[in-house]
Amino acid sequence: MRSMEKGTASRRSFVQRLLAVFYPERCACCRKVIPCGELVCRECRAALPVISPPLCPLCGCAKADCACRGHRRLTERTVAPFYYEGAARQAVWNLKFHNKPDAAEFLYTAMAETVRREYGDRRFDAVVPVPVSDRTLKQRGYNQSALLASGLARLLSLPMEEALVKRIDTPPQRDTPAPRRSGNVLGAFDCREGADFTGKTLLLVDDISTTGATLGECAKMLKIYGAQEIYAVAAAASRLSKEKK
């Protein structure tokens with residue numbers, strides 16, 4: 001990724017640069033103080049587990065790492081800029097569990113590059129984030145996938161629609177064995193009242209893709225409400241072993 005090689009620098013206004021003197025920006029991964037506009041430090045950038053093409057069109061992992069064995073999914077494709085390991089995993093954890101919403105900028109910037117590269121010929125009608133439960137939203141204060149989707153939508157000049165709701169507060173997928181994850185989210189999601197996506201092509205956004213169960217259940221609901229095609233992007237994808245497929 002070209003901007004990844006340059007540290008994924010982000011443009012900052014004069015006011016933002018002035019504020020950075022008093023409130024220094026920090027690496028999205030290790031939280032070390034970094035120059036204004038640099039989203040990750042040099043050390044973390046070098047350690048990022050980048051997913052390099054050619055990719056498996058189903059799970060989004062590099063074909064050399066794919067363990068999905070061609071199992072069909074309800075999304076047309078899934079992509080991610082990073083494996084859920086090392087520095088990228090720490091960035092996701094900072095965003096999701098450590099109350100560091102500023103880490104989202106680094107992740108959605110990398111996601112936008114991946115979408116442009118892998119989905120360059122696709123025309124999306126909207127960006128849709130995977131929802132969290134009301135309880136999680138109250139505890140965390142924000143939906144991390146919505147933060148990623150909002151930034152991604154802005155970079156891609158697309159509207160964002162928070163079209164999905166989570167009806168059932170299921171156990172976290174990370175606490176559920178891989179073979180049971182599809183059942184864990186069955187019936188957990190729905191579309192908001194009055195939703196109509198007839199004929200639309202949507203970009204579905206989540207923080208982590210492991211077995212694809214969450215993305216698949218969300219895609220199913222969007223298709224029930226008329227969506228024609230669902231393409232997915234996550235900040236990071238798990239590199240599954242054969243026994244976890």
Side-chain angles (χ1 to χ4, degrees), residues 58 60 72-80 92 95-96 101 104-105 107-109 111-112 114-116 118-174 176 181-237:
L58 302 178
R72 296 298 306 173
R73 302 191 178 199
L74 290 172
T75 54
E76 271 58 46
R77 281 193 67 185
T78 298
V79 297
V92 173
L95 171 64
K96 191 170 183 176
E105 185 177 4
L107 295 170
Y108 68 63
T109 300
M111 292 164 73
T114 302
V115 167
R116 292 188 185 106
E118 298 296 326
Y119 296 154
D121 59 339
R122 300 293 171 185
R123 292 183 178 273
F124 297 107
D125 294 294
V127 176
V128 178
V130 168
V132 296
S133 66
D134 290 341
R135 185 174 72 173
T136 298
L137 187 60
K138 184 176 181 180
Q139 290 174 342
R140 188 173 297 153
Y142 56 87
N143 173 3
Q144 72 280 354
S145 295
L147 288 183
L148 295 172
S150 177
L152 187 60
R154 186 169 63 253
L155 292 179
L156 299 177
S157 300
L158 293 169
M160 184 183 87
E161 293 192 29
E162 295 196 59
L164 292 160
V165 293
K166 192 169 186 182
R167 299 188 304 181
I168 303 172
D169 194 10
T170 56
Q173 289 290 73
R174 67 182 185 278
T176 305
R181 290 185 179 182
S182 293
N184 188 41
V185 296
L186 186 64
F189 302 100
D190 198 359
C191 286
R192 296 188 182 278
E193 186 176 352
D196 182 5
F197 301 106
T198 302
K200 290 188 176 181
T201 298
L202 303 175
L203 182 60
L204 182 62
V205 177
D206 204 1
D207 53 356
I208 309 164
S209 173
T210 304
T211 63
T214 296
L215 290 169
E217 188 67 17
C218 289
K220 180 178 75 175
M221 296 312 305
L222 291 169
K223 288 185 175 182
I224 287 174
Y225 281 78
Q228 182 174 348
E229 293 183 316
I230 309 294
Y231 290 81
V233 59

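- Annotation: side chain of Leu215 is not in contact with side chain of Arg73 (no heavy-atom distance under 4.5 Å).
- For the residue pair Ala236 and Ala80, the shortest heavy atom distance occurs at C-CB, 3.9 Å.
- Residues Met221 and Cys191 approach most closely at O-SG, 3.8 Å, considering heavy atoms.
- Judged by distance alone, the side chain of Tyr119 and the main-chain N or O of Ala232 form a donor-acceptor pair under 3.5 Å.
- How far NZ of Lys166 is from CG of Leu137: 11.5 Å, rounded to the nearest 0.5 Å.
- Summarising the geometry of Arg77 relative to Glu118, their closest heavy-atom pair is NH2-OE1, 3.0 Å, with the distance given to 0.1 Å.
- Counting all heavy atoms, side chain and backbone alike, Gly199 lies closest to Gln228 at O-OE1, 3.4 Å.
- Taking CG from Leu203 and CZ from Arg123, the interatomic distance works out to 15.0 Å, rounded to the nearest 0.5 Å.
- In this structure, Arg140 CZ and Ser133 OG are separated by 8.5 Å, a value rounded to the nearest 0.5 Å.
- In the model, Thr201 has no side-chain atom that pairs as donor or acceptor with a side-chain atom of Asp125 under 3.5 Å.
- Taking both residues in full, the closest heavy atoms of Leu164 and Pro129 are given as CD1-O, 4.1 Å, listed atom of the first, atom of the second, then distance.
- For the side chain to side chain contact (heavy atoms under 4.5 Å, CB included) with Phe197, the lone residue among Leu202, Ile224, Ile230 that qualifies is Leu202.
- Contact check for Val92 versus Gln144: no side-chain heavy atoms found under the 4.5 Å cut-off.
- Annotation: the span from Phe124 atom CZ to Leu152 atom CG amounts to 9.0 Å, rounded to 0.5 Å.
- Rounding to the nearest 0.5 angstrom, the gap separating the OH atom in Tyr108 from the CG atom in Leu156 is 11.5 Å.
- Looking only at side-chain heavy atoms (C-beta outward), Val205 and Met160 stay at 4.5 Å or farther from each other.
- A heavy-atom distance below 4.5 Å is found between the side chains of Leu204 and Val130.
- A heavy-atom distance below 4.5 Å is found between the side chains of Glu229 and Arg122.
- Taking 4.5 Å as the limit, every side-chain heavy atom of Arg192 sits out of range of all side-chain heavy atoms of Pro131.
- For Lys96 (side chain) and Ile208 (main-chain N/O), no donor-acceptor pair under 3.5 Å exists by modelled atom type.
- For the pairing with Asp206, the side chain to side chain contact (heavy atoms under 4.5 Å, CB included) check across Thr214, Thr78, Leu148, Val233 returns one residue only, Thr214.
- The shortest side-chain heavy-atom distance between Asp190 and Tyr225 falls under the 4.5 Å cut-off.
- Separating the OG1 atom in Thr109 from the CG atom in Leu155 is a distance of 5.5 Å, to the nearest 0.5 Å.
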